[in-house]
Q: 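Dropping a structure here in structure tokens format, bear with me for questions.
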There are 2 protein chains.
Amino acid sequence: MADLDTRLDEMIARLREKGYRLTPQRLAVLRILAASQKHPGVEGIYERVREDFPMTSLATIYKTVTLLKEMGQVMELSFGGMGCRYDGRNPHPHPHLICLQCRNIVDADVGDVTGLCKEVSRKTGYRIVSHRLDFFGICRECQEKK
Amino acid sequence: MADLDTRLDEMIARLREKGYRLTPQRLAVLRILAASQKHPGVEGIYERVREDFPMTSLATIYKTVTLLKEMGQVMELSFGGMGCRYDGRNPHPHPHLICLQCRNIVDADVGDVTGLCKEVSRKTGYRIVSHRLDFFGICRECQEKK
DNA sequence: CTTCATGCAAAACATTTGCAGCTGG
DNA sequence: CCAGCTGCAAATGTTTTGCATGAAG
């Protein structure tokens with residue numbers, strides 16, 4: 001849990017640093033984003049926050065997530081057809097594995113792409129800021145269900 | 001132009017094969033998707049189709065693009081904040097370069113990722129169906145403008 | 001002729017925004 | 001206190017859908 005706490009602490013520190021307030025709703029969102037392996041979407045965060053704070057509005061979730069995104073403390077993953085999903089545990093580019101059946105998203109620990117970034121930059125003249133590498137497929141559980 | 005024509009012919013053949021009709025509007029959409037390097041969005045396709053067929057509706061563009069996507073004849077690229085963009089010239093996974101300033105999208109010819117796919121598959125047990133590799137940055141022109 | 005496709009308008013979502021009142025620091 | 005947050009509701013933007021009419025094969 002140390003990792004998770006340091007992530008949470010980091011997020012809180014970054015908020016404070018910029019003079020943003022730490023409301024109970026915000027803290028609840030931070031907690032979820034700092035801890036969740038499941039790359040939740042806004043709706044998912046909303047439901048979980050409402051377990052503790054039933055009057056929380058969806059707009060607040062959006063505002064908080066957007067704020068964190070702009071501060072570089074969460075990474076947004078957008079997919080056609082569904083709302084965006086968020087990774088607060090590791091807000092830097094890294095590969096993801098998406099199951100097309102159960103829609104779960106997990107981190108994929110394969111060699112990173114920084115080498116490729118450099119190659120692309122050199123070949124094209126672009127200044128590469130970020131990247132995204134996602135694999136789509138069927139997870140083991142869903143293969144067995146079939 | 002041979003390439004483009006074969007892409008167009010391929011798309012037409014696939015439509016016919018499945019018993020879909022080839023209307024003027026559809027043909028116009030196919031032409032744009034088969035030829036465009038710019039990875040247009042629905043709105044862009046709409047505007048260009050309307051130059052030739054001013055009564056075409058947006059719904060028709062959506063329906064045609066969705067149909068082609070389901071047939072695997074166009075690849076959809078979704079990004080947070082903007083509508084999806086489409087690649088009809090090469091509907092198979094391949095890396096893209098996105099300029100964060102001018103929003104242009106071009107193909108990036110870097111070594112492909114099939115090796116990584118196999119590695120991921122072996123390590124995780126997922127059956128990998130597809131993938132996505134995108135680089136975000138600032139293109140040469142936009143760097144100079146700054 | 002017989003589907004299937006089109007265009008229109010309405011609906012369905014996802015996300016953002018304006019604003020009055022509340023509250024963290 | 002009081003700037004910044006919240007909740008609500010309305011606005012926005014995108015994509016989908018239902019249905020009557022029209023056209024492809």
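Being a predicted model, the structure only gives us computed values, none of them experimental. Throughout, a chain's letter reflects where its sequence line sits, starting with A, and its residues are numbered from 1.
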Q: Please give, in whole Å, the distance from dT14(D) P to Tyr86(B) OH?
A: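 Distance, rounded to whole Å: 12 Å.
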Q: Is the positively charged end of Arg48(A) above the ring of Phe53(A), judged by distance under 6.0 angstrom from the centroid and angle within 45° of the axis?
A: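 Pair Arg48(A)/Phe53(A) does not count as cation-pi.
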Q: Between Arg50(B) and Gly19(B), name the one whose nearest nucleotide on DNA chain C is closer to the 5' end.
A: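 With Arg50(B) and Gly19(B) compared, the 5'-side residue is Gly19(B).
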Q: Once each nucleotide of nucleotides 17-25 of chain D is scored for protein heavy atoms under 4.0 Å, what B/S/- sequence comes out, 5' to 3'?
A: BB----BBS
Q: Please report, rounded to the nearest Å, how far the P atom of dG7(D) is from the CZ atom of Phe53(A).
A: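 After rounding, the reported distance stands at 10 Å.
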Q: In this structure, would Val129(B) and Leu133(B) fall into the same cluster of hydrophobic residues linked by side-chain contacts under 4.5 Å?
A: no
Q: Would Arg132(B) pass as a cation-pi partner of Phe79(B), given that its NZ or CZ must be under 6.0 Å from the six-membered ring centre and within 45 degrees of the axis?
A: yes
Q: Under 4.0 Å, counting only non-hydrogen atoms across every strand here, what does Gln25(A) touch: a base, just sugar-phosphate, or nothing?
A: sugar-phosphate
Q: Tell me, do Leu97(A) and Val120(B) make a side-chain contact under 4.5 Å, heavy atoms counted?
A: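 Touching, per the 4.5 Å side-chain cut-off.
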Q: Rounded to whole Å, how long is the line connecting atom CG of Leu58(A) with atom P of dA10(D)?
A: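 Rounded to the whole Å, the gap is 16 Å.
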Q: Side chain of Thr64(B), heavy atoms from C-beta onward: which of dT6(C), dT15(D), dC5(D) has the nearest atom to it?
A: dT6(C)
Q: How close or far is atom P of dT15(D) from atom CE of Met82(A), stated in whole angstroms?
A: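 The answer, rounded to whole Å, is 15 Å.
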Q: Rounded to whole Å, how long is the line connecting atom CZ of Phe79(B) with atom C1' of dG13(D)?
A: 18 Å
Q: Rounded to the nearest Å, what distance is computed from the CD1 atom of residue Ile61(A) to the P atom of nucleotide dA14(C)?
A: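 Distance, rounded to whole Å: 15 Å.
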Q: Once you round it to whole Å, what is the distance between P of dC5(D) and CG of Leu27(A)?
A: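 It is 14 Å, rounded to the nearest whole Å.
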Q: Nearest whole angstrom, please: distance from the P of dG25(C) to the NZ of Lys18(A).
A: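 One finds 18 Å between P of dG25(C) and NZ of Lys18(A), rounded.
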Q: Answer yes if the side chains of Asp87(A) and His94(A) hold a donor-acceptor pair under 3.5 Å, and no otherwise.
A: yes
Q: Keeping Ser130(B) on the side-chain end and Phe136(A) on the backbone end, is there a donor-acceptor pair under 3.5 Å?
A: no
Q: Any side-chain heavy atom of Glu43(B) sitting closer than 4.5 Å to one from Glu47(B)?
A: yes
Q: Can you see if the side chain of Thr66(B) gets near the phosphate of dT16(D) - specifically, an N or O under 4.0 Å from OP1 or OP2?
A: yes
